[in-house]
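Data first, discussion second: the structure below is written as structure tokens.
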There are 2 protein chains.
Amino acid sequence: MLTEKLNQIKKFYRRHRRLPSYSEMLKLFGFSSKNAVFKVVQKFIDEGLIKKDGNKLSPTSRFFALPLLGNIKAGFPILAEEDHSYLTLDEYLIGDPQSSFLLKVSGDSLIGIGIFDGDIVIIEQKKNANTGDVVLAQIDREWTLKILRKGYLEAANPKYPPFYPHQELQIFGVVKAVVRKFN
Amino acid sequence: MLTEKLNQIKKFYRRHRRLPSYSEMLKLFGFSSKNAVFKVVQKFIDEGLIKKDGNKLSPTSRFFALPLLGNIKAGFPILAEEDHSYLTLDEYLIGDPQSSFLLKVSGDSLIGIGIFDGDIVIIEQKKNANTGDVVLAQIDREWTLKILRKGYLEAANPKYPPFYPHQELQIFGVVKAVVRKFN
DNA sequence: TTGCAAAGTGAACAACTGTTTACTATACTG
DNA sequence: CAGTATAGTAAACAGTTGTTCACTTTGCAA
């Protein structure tokens, strides 16, 4: 089966974060001739799962990304094979990997905008932000995650008052995305 | 500078989804001897950014993953270099890539559990789920995303009533994670 | 200025890369 | 059954791989 071989390659890619070489696939598939591997790989290339990159192989986005289906509409056959695009969450959510980091959120001060306790936010480091941005900031030397307003910080939860700095309000980064895992 | 070379390799990895070979790095760095590259790579190996994998190179998780910082606590120096772990969002959020797909959410029926209009959910395909799971289901032939209860579906928004099936309630998958991008 | 480690050059090497060719076994179609 | 496309074997090949050795250049501390 061909999809079984694809899964073996995907498994290898997940473990090693690189595609196996032809001789590695040889062992992987249990073949005894590299040409057999060559022909299998050619099929994956034809299907657009792998591509040639110089004299090497590299995976296409279809290889490792997940299919993204459109909106749910009543009675709509969302699982139809068309109009897929393929998405990597890292690529989708992280704009500038160099200046970004993740932060585990604690507290309920941002539940109004759907950031819950235990969520992970992607923060892009920068020293200034726009009003309305969710920022990681130090207000009077205390770290916090809040919405930036003109000269103060605001929670997204009616039970918290606005936060006016007594001395200092310093911005360290802007929240670009949230991520939550269930269970 | 060494970090500049690392960024060049990262850039290459993002474009090609594989590490460059020594001769490719040669061009990348502007060197004229492969040995110079060899020594640079050795440093990255020493730092744990790249590792040897057979007779090939492969990136470690520190190479492409983002640092995850702990919870924010008042006054806590979260940016201290210690107790980092490194996280790939894809690996963190997607348990079984083979059976998962993404779905763009429309509607406000799940705002109570922090799933908003425009969010993307990661769905794992399966035909049965536990009570309390957020499921992708077909209720009387209409697709929907709701919370599964005993024999019916429920929104997470007081403005919607429970959804009892007239004929049929079929489950297609379980929501394992949500993801939201700001701006 | 001297001494020395770090950084880079250049050439050589065996091992492995992907690819090709020629041939055989297998499976399927009419 | 025969005919033929598909799948796999075996061996050979040039180009590239990562690695090593000997040497030169650069930068920096004493």
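In what follows, chains carry the letters A, B, and so on, assigned in the order in which the sequence lines appear, proteins first and then strands, with residues in each chain numbered from 1.
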Legend entry - Positions of residues 9-28 of chain A (non-hydrogen atom under 4.0 Å from DNA chain C), listed by number: A/Ser21, A/Tyr22, A/Ser23
Inset, instruction - Tell me which residues in residues 49-60 of chain B put a heavy atom below 4.0 Å from DNA chain C, sorted by number, or none. - result: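 Within this stretch, B/Asn55 sit under 4.0 Å of the strand.
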Separation of atom [atom1] in [X] from atom [atom2] in [N], rounded to whole Å:
| X | N | atom1 | atom2 | result |
| --- | --- | --- | --- | --- |
| B/Gln42 | C/dA7 | CD | P | 13 Å |
| B/Asp46 | C/dA6 | CG | P | 12 Å |
| A/Leu2 | D/dT6 | CG | C1' | 13 Å |

Side-chain ([X]) to main-chain ([Y]) donor-acceptor, under 3.5 angstrom:
| X | Y | result |
| --- | --- | --- |
| B/Asn157 | B/Asp108 | yes |
| B/Ser106 | B/Asp117 | no |
| B/Asp53 | B/Ser58 | no |
| B/Asp140 | B/His166 | yes |
| B/Asp133 | B/Val135 | no |

Inset, instruction - Would you tell me if any nitrogen or oxygen in the side chain of A/Lys43 comes within less than 4.0 Å of OP1 or OP2 on D/dT6? - result: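 For D/dT6, neither OP1 nor OP2 has a side-chain N or O of A/Lys43 closer than 4.0 Å.
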Inset, instruction - Flag this pair as yes if the NZ/CZ of B/Arg18 is under 6.0 angstrom from the six-membered ring centre of B/Tyr13 and inside a 45 degree cone about the axis; otherwise no. - result: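 The answer is no; the distance or angle limit is not met.
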Inset, instruction - With B/Lys127 as the cation and B/Phe172 as the aromatic partner, state whether NZ or CZ is under 6.0 Å from the six-membered ring centre and within 45° of the axis. - result: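 No; the conditions do not both hold, so B/Lys127 does not lie above the ring face of B/Phe172.
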Inset, instruction - Could you grab the distance from atom CD1 of A/Ile122 to atom CG of A/Asp96, nearest 0.5 Å is fine? - result: 13.0 Å
Legend entry - Interatomic spacing from CD in B/Glu47 to CZ in B/Arg62 - rounded to 0.5 Å: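 Result: 7.0 Å between the selected atoms.
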Legend entry - Contact state string [nucleotides 8-14 of chain D, B base, S sugar-phosphate only, - no protein heavy atom under 4.0 Å]: BBB----
Inset, instruction - May I ask you to check whether B/Tyr152 and B/Phe163 place their ring centres under 6.0 Å from each other? - result: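 Not close enough - the centres of the two rings lie 6.0 Å or further apart.
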